[in-house]
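The next block holds one structure in the form of structure tokens; read it before the comments.
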There are 2 protein chains.
Amino acid sequence: MADKSLNRSTAHLDDAIWGHKWGYADTRLFVRPDQMVEMTGSRYNLCGYPMPYLIPFAEEALGVKLDLSKTRPEVAKYAITPARLDAAFVATLAATFRPDQISSDDEVRLVHSHGQTTVDEVSKVLYGRIDRCVDLVVYPESHEQCMALVQAALKHNICLIPYGGGTNVTSALIIPESETRFVTSVDMRRLNKIEWVDTENMVACVQAGILGSALEAELEKQGLTCGHEPDSVELSTLGGWISTNASGMKKNRYGNIEDIVENITLVTPAGVVEELSAMPRVSMGMQVQRALFGSEGNLGLITRAVIHIHKLPAVKKYNAIVFKDWPTGVEFMRELNATGVLPASIRLVDNIQFRFSQALKAAPEGMHLLTDKVQKFVVTKVKGFDPYQMVAATIVMEGADHEVAHQEKVVSAVAKKHGGVVAGATNGQRGYMLTYAIAYIRDMLADYYIIGETYETTAPWSKIHDVCAAVERTVIEQHKLAGFPGKPYASPRITQMYHTGVCIYFTHGFYHKGIDEAEEKFAAMEKVIRQAIMDAGGSISHHHGVGKLRAEFMPRVISPTAAEAVRDLKEGLDPQNIFGARNNVLFETRAE
Amino acid sequence: MADKSLNRSTAHLDDAIWGHKWGYADTRLFVRPDQMVEMTGSRYNLCGYPMPYLIPFAEEALGVKLDLSKTRPEVAKYAITPARLDAAFVATLAATFRPDQISSDDEVRLVHSHGQTTVDEVSKVLYGRIDRCVDLVVYPESHEQCMALVQAALKHNICLIPYGGGTNVTSALIIPESETRFVTSVDMRRLNKIEWVDTENMVACVQAGILGSALEAELEKQGLTCGHEPDSVELSTLGGWISTNASGMKKNRYGNIEDIVENITLVTPAGVVEELSAMPRVSMGMQVQRALFGSEGNLGLITRAVIHIHKLPAVKKYNAIVFKDWPTGVEFMRELNATGVLPASIRLVDNIQFRFSQALKAAPEGMHLLTDKVQKFVVTKVKGFDPYQMVAATIVMEGADHEVAHQEKVVSAVAKKHGGVVAGATNGQRGYMLTYAIAYIRDMLADYYIIGETYETTAPWSKIHDVCAAVERTVIEQHKLAGFPGKPYASPRITQMYHTGVCIYFTHGFYHKGIDEAEEKFAAMEKVIRQAIMDAGGSISHHHGVGKLRAEFMPRVISPTAAEAVRDLKEGLDPQNIFGARNNVLFETRAE
């Protein structure tokens with residue numbers, strides 16, 4: 001439940017956001033008395049109809065019978081550490097900021113003190129307490145105000161933590177234990193203007209606090225798009241995308257964030273880092289800008305960026321293709337990738353996720369719910385396909401007529417070779433529904449003692465099966481070791497393809513009623529899983545990033561001297577550690 | 001003329017290289033007694049036949065009559081500053097290196113003391129003297145030897161300058177005036193092995209001193225290619241490509257060097273910078289590796305890199321399309337780019353270069369040379385096209401059948417809209433001949449008091465005409481100001497296209513007989529031209545880089561704090577400035 005007392009007018013630019021849980025406050029899933037699930041509001045295709053299969057699917061997948069009569073009790077009142085006072089700092093701020101740009105309100109501070117990591121952050125807010133809240137929240141409205149804020153922080157030795165959409169899942173916003181200073185969260189979301197659009201060269205200069213949804217809405221008015229669609233696109237910001245090195249669903253057409261951004265303006269304690277004019281490719285020597293992707297709040301405030309824009313595509317088409325099993329689906333993806341002809345997005349979901357998306361269907365007219373025949377909702381008419389083996393590739397094609405037609409031709413030919421059966425646009429769209437709904441589903445399931453989390457990795461083509469097997473094995477082992485009831489749900493999908501490998505995205509859920517310290521046990525388990533992923537050839541992260549959650553794995557990723565070079569950069573740009581979030585390799589130095 | 005006394009066995013891995021001039025020693029152009037030009041050897045399509053039009057074309061383009069009876073006299077003996085001795089350093093080296101891995105031979109030192117900048121380097125060697133030669137050349141053969149070399153340099157406070165193919169055109173190899181230490185050139189070309197090839201994931205680990213030509217030859221044996229084709233591909237090295245942030249002709253298919261390289265191993269005085277396993281896209285926080293492209297020898301020795309490889313394409317096709325004039329050609333390029341369907345390479349040459357490539361044709365059977373009707377060799381059969389206006393797009397397509405067919409269809413449709421006329425594969429290939437021949441032509445023309453240089457820039461789409469006009473205007477003005485005879489030849493081509501702009505590559509030539517200090521005058525002129533390019537909206541460089549030649553322009557490119565951040569990186573990785581080449585923003589600090 002969102003706390004109604006939350007001062008939304010300063011906490012959010014958009015009144016409609018939950019705050020601690022994921023997403024829009026008009027949108028949540030709930031279990032009806034007839035045990036069907038419904039999604040409120042009208043934002044998504046899933047909204048407004050009863051879903052009879054979701055609870056049965058969850059029960060089958062988790063091997064437990066849910067007690068729907070009692071929800072897990074949230075805290076009666078959020079635990080919020082009291083704000084400290086730094087009157088001198090606030091007095092300095094008053095020279096630049098209006099009173100409505102500064103808040104020490106408890107609810108506001110709490111919202112700005114966490115991201116969306118399930119057990120480290122959201123669960124702690126809802127069911128326990130987070131260790132420390134920021135002392136103040138400031139809402140700059142311009143690049144110049146950001147400069148003034150950094151100067152004020154330098155003067156008074158204040159710790160600043162940049163805040164974008166608050167959707168990170170790396171515990172990047174958690175205040176380091178070693179931090180003793182006054183901590184100010186810098187909410188960037190009022191830097192939300194498109195400064196200019198240049199349709200001759202297809203670039204735009206955009207303030208970094210703009211939400212993805214607002215950016216797309218503004219551009220769309222001019223027949224344009226940026227095309228960057230991380231799963232969080234509705235809520236996350238341009239600056240957040242840069243800081244986390246984000247990846248978009250449609251990267252095959254629009255690129256990942258590092259392909260999209262042509263220039264970054266970063267306000268650091270040492271001054272402004274930027275290129276003096278945005279340019280297509282340049283050979284200008286070492287480009288420090290290229291190292292700012294993934295800076296995770298460690299260096300300064302990203303105030304604006306120059307980004308690529310595109311005309312809205314003439315054609316947008318969905319499709320889905322089903323294959324008999326996961327290995328066949330993977331082979332299809334690999335061969336399609338080798339053709340070089342890639343739809344804007346193509347993703348392969350495993351059988352569990354395939355059934356999950358089927359479980360979001362409405363009840364057929366007059367149907368009675370048959371929990372013991374839950375598989376009935378799965379498409380079984382495909383000849384010879386086992387509903388408990390089949391997988392699906394969901395596809396979005398964008399572009400000119402000729403381009404989409406060419407893609408369809410190539411995709412069909414490759415699919416045919418692998419026995420793929422076209423399942424059509426509706427099934428294609430269904431796959432994408434799950435993307436936007438998954439975090440809301442997490443928040444509903446939390447009420448019934450189910451913890452859900454996602455994690456992802458990069459894997460070379462040859463390691464896909466090793467990585468998936470390692471996760472499956474480890475999740476089962478760890479589940480047993482922790483003594484959780486039932487069985488874990490752990491399901492991969494391939495969300496991005498590259499020349500040399502893929503992104504694998506895992507959804508993990510389990511039931512924990514009756515188990516003490518379930519959150520702590522899962523947090524420990526997640527590290528064991530990451531270790532297993534990396535042992536099997538996967539990366540530390542494909543696009544979520546490192547933050548604090550995976551900082552301990554960095555010695556497995558880069559050489560000590562490379563880590564030292566990052567620290568050299570930090571030391572040069574922020575010698576006083578004003579930006580004290582201490583993510584990534586800076587986390588190791590917390591004891592200093 | 002190459003000096004025959006040159007000790008090629010230590011100076012070069014390949015005996016067949018000129019050394020100071022460009023390219024292979026079996027290849028040069030010369031003017032025959034009948035005033036036709038011939039190219040020796042058999043490496044290129046241009047070799048072995050008389051070209052009657054080249055001298056008339058040059059005379060027409062430069063507005064002068066060449067005196068072919070007398071060539072410009074080269075120095076009788078190369079001026080080579082004497083090697084200093086550092087017996088202690090050499091003694092330390094002896095623990096690791098065989099005698100044939102170390103040379104203090106004068107010729108060898110001279111070859112390693114310059115790149116291919118025309119007036120700052122090549123002209124000085126041939127007609128004058130370069131200020132200072134390196135004292136020693138070392139040829140490491142392994143990553144471990146590179147580590148030992150850096151340690152030895154640290155111990156004895158030696159300046160190291162990495163040397164790849166010696167083809168840079170940014171004066172990057174020139175020893176800084178302020179450098180007082182013993183200077184050792186590190187010739188990387190014996191680190192030339194492919195360490196492993198992984199065809200499952202299409203990556204290979206390659207030692208960084210490998211020549212492009214050797215890399216391609218080795219991969220081709222396995223049906224593979226890297227596909228990186230800078231104009232220098234025959235002579236330049238993988239490490240050099242990374243250091244200069246190189247671009248390849250076929251980047252539309254294979255990417256530029258930063259797209260191709262997945263991991264870099266850099267030996268610095270502070271240790272080895274690398275990622276511990278090469279990976280497709282990862283979100284791992286600030287990737288210092290991304291800032292190593294363009295490091296221009298400032299940080300250390302690049303010993304190996306993991307690079308993308310591809311299967312050799314099933315189909316490779318050339319084509320050319322002529323358009324009535326430059327603006328029409330540019331519009332064609334722009335519209336084709338917007339389709340997203342791009343051949344591996346597509347380049348647009350202006351009318352002068354179009355005629356230049358036509359001037360490389362052989363004499364028709366029984367033809368008499370008509371210098372006053374030089375335009376006769378230009379294709380004029382295209383209806384309504386003025387031979388002094390028309391331009392050509394030259395195209396290389398690579399890929400699967402369906403891919404090349406799709407490209408042909410799209411290219412044809414767009415070309416038709418702009419009145420383009422297909423000129424066919426032979427004309428397409430002719431465009432590429434000029435690429436490989438241009439530096440040899442430069443070296444021949446130098447004999448006849450013609451200085452030729454190339455420079456390039458990035459320009460947003462909307463600035464192409466402004467940049468070209470600025471170059472034309474400035475070149476003419478400066479030519480007049482300097483008092484050079486005749487008129488300058490200055491000709492653009494568009495060699496790369498990006499979402500937001502292009503690379504424009506200029507070829508510049510002029511006659512300087514009878515003018516004092518022509519080289520110095522051109523060096524000054526080149527800076528005025530770069531200023532004009534940047535004033536008109538062009539970049540400091542698209543792919544040549546900055547080195548020392550353009551270092552003074554860096555304050556126009558990045559913010560002071562961004563420059564400081566590069567220096568922070570340098571300070572951290574190489575506090576003793578062992579890698580003392582002082583290129584790019586480190587050039588500014590020469591006075592320290």
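These numbers were taken from a predicted model, which means no experiment stands behind them. Every chain is numbered from 1 and lettered A, B, ... according to where its sequence line falls, protein lines coming before strand lines.
- For the pair B/V566/A/V288, a side-chain contact is recorded, criterion being any heavy-atom separation below 4.5 Å from C-beta on.
- Heavy atoms of B/V341 lying under 4.5 Å from chain A belong exclusively to its side chain.
- Counting heavy-atom pairs closer than 4.5 Å to chain A, the top residue among B/H406, B/K570, B/R290 is B/H406.
- Note on B/E564, B/K463, B/R334, B/E456: by heavy-atom pairs under 4.5 Å with chain A, the leading option is B/R334.
- Nearest heavy-atom pair across A/G572 and A/P575 is O-CD, 3.9 Å.
- Heavy atoms closer than 4.5 Å to chain B are found in the side chain of A/E262, but not in its backbone.
- Heavy atoms closer than 4.5 Å to chain B are found in the backbone of A/A246, but not in its side chain.
- Residue with the most contacts toward chain B among A/K409, A/H543, A/Q496: A/H543 (heavy-atom pairs, distance under 4.5 Å).
- The pair A/R253-A/E403 meets the salt-bridge criterion, since a charged nitrogen lies less than 4.0 angstrom from a carboxylate oxygen.
- Taking chain A as the reference chain and counting heavy-atom pairs below 4.5 Å, the highest number among B/L299, B/T268, B/V272, B/V203 is found for B/V272.
- In this model, a donor atom of one side chain and an acceptor atom of the other lie less than 3.5 Å apart for A/H143 and A/T303.
- Ranked by heavy-atom pairs shorter than 4.5 Å toward chain A, the options B/G294, B/S277, B/P280 are led by B/P280.
- We find that A/E258 and B/R281 are joined by a salt bridge, their nearest charged nitrogen and carboxylate oxygen being less than 4.0 Å apart.
- For the residue pair B/P343 and B/N252, the shortest heavy atom distance occurs at O-ND2, 2.9 Å.
- With chain A as partner, the option from B/M279, B/E274, B/H499, B/Q287 having the largest number of non-hydrogen pairs under 4.5 angstrom is B/H499.
- Of the atoms belonging to A/I309, it is backbone heavy atoms, and not side-chain ones, that fall under 4.5 Å from chain B.
- Interface summary for chain B: among A/H542, A/E275, A/M202, the most heavy-atom pairs under 4.5 angstrom belong to A/H542.
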Before giving the answer on side chain to side chain donor-acceptor pair (under 3.5 Å), spell out for A/E296 and A/T170 the whole-Å C-alpha distance, their side-chain angles and the decisive distance to 0.1 Å. CA-CA 10 Å; A/E296 299 190 325; A/T170 58; 4.8 Å; no
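- Contact of A/A278 with chain B is not made at all, since no heavy-atom distance falls under 4.5 Å.
- Listed by first and then second residue, the ring-ring contact (aromatic ring centres under 6.0 Å, His included) pairs involving residues 265-294 of chain B amount to none (not counting sequence neighbours).
- With chain B as partner, the option from A/T500, A/L292, A/I540 having the largest number of non-hydrogen pairs under 4.5 angstrom is A/T500.
- Heavy-atom distances place the backbone of B/A459, and not its side chain, under 4.5 Å from chain A.
- For B/E571, no part lies under 4.5 angstrom from a heavy atom of chain A.
- When each of A/G501, A/P460, A/A413, A/A338 is scored by its heavy-atom pairs under 4.5 Å with chain B, the top score falls to A/P460.
- If you measure heavy-atom distances from A/T244 to chain B, the contacts under 4.5 Å come from the backbone alone.
- B/K250 places no side-chain N or O within 3.5 Å of a backbone atom of B/G227 that could act as its donor or acceptor partner.
- Contacts between A/A270 and chain B at a heavy-atom distance below 4.5 Å involve backbone atoms as well as side-chain atoms.
- Ring to ring, B/H308 and B/Y254 are not that close: their centroids are 6.0 angstrom or more apart.
- Contact annotation for B/A565: both backbone and side-chain heavy atoms come within less than 4.5 Å of a heavy atom of chain A.
- Look at B/R556 and B/D535 and you find a salt bridge, because one of the NZ, NE, NH1 or NH2 atoms lies within 4.0 Å of a carboxylate O, short of that distance.
- Side-chain contact check for B/S541 versus B/T457: every heavy-atom pair is 4.5 Å or farther apart.
- Ranking B/N201, B/V273, B/N263 against chain A, the residue ahead of the rest is B/N201, based on heavy-atom pairs under 4.5 Å.
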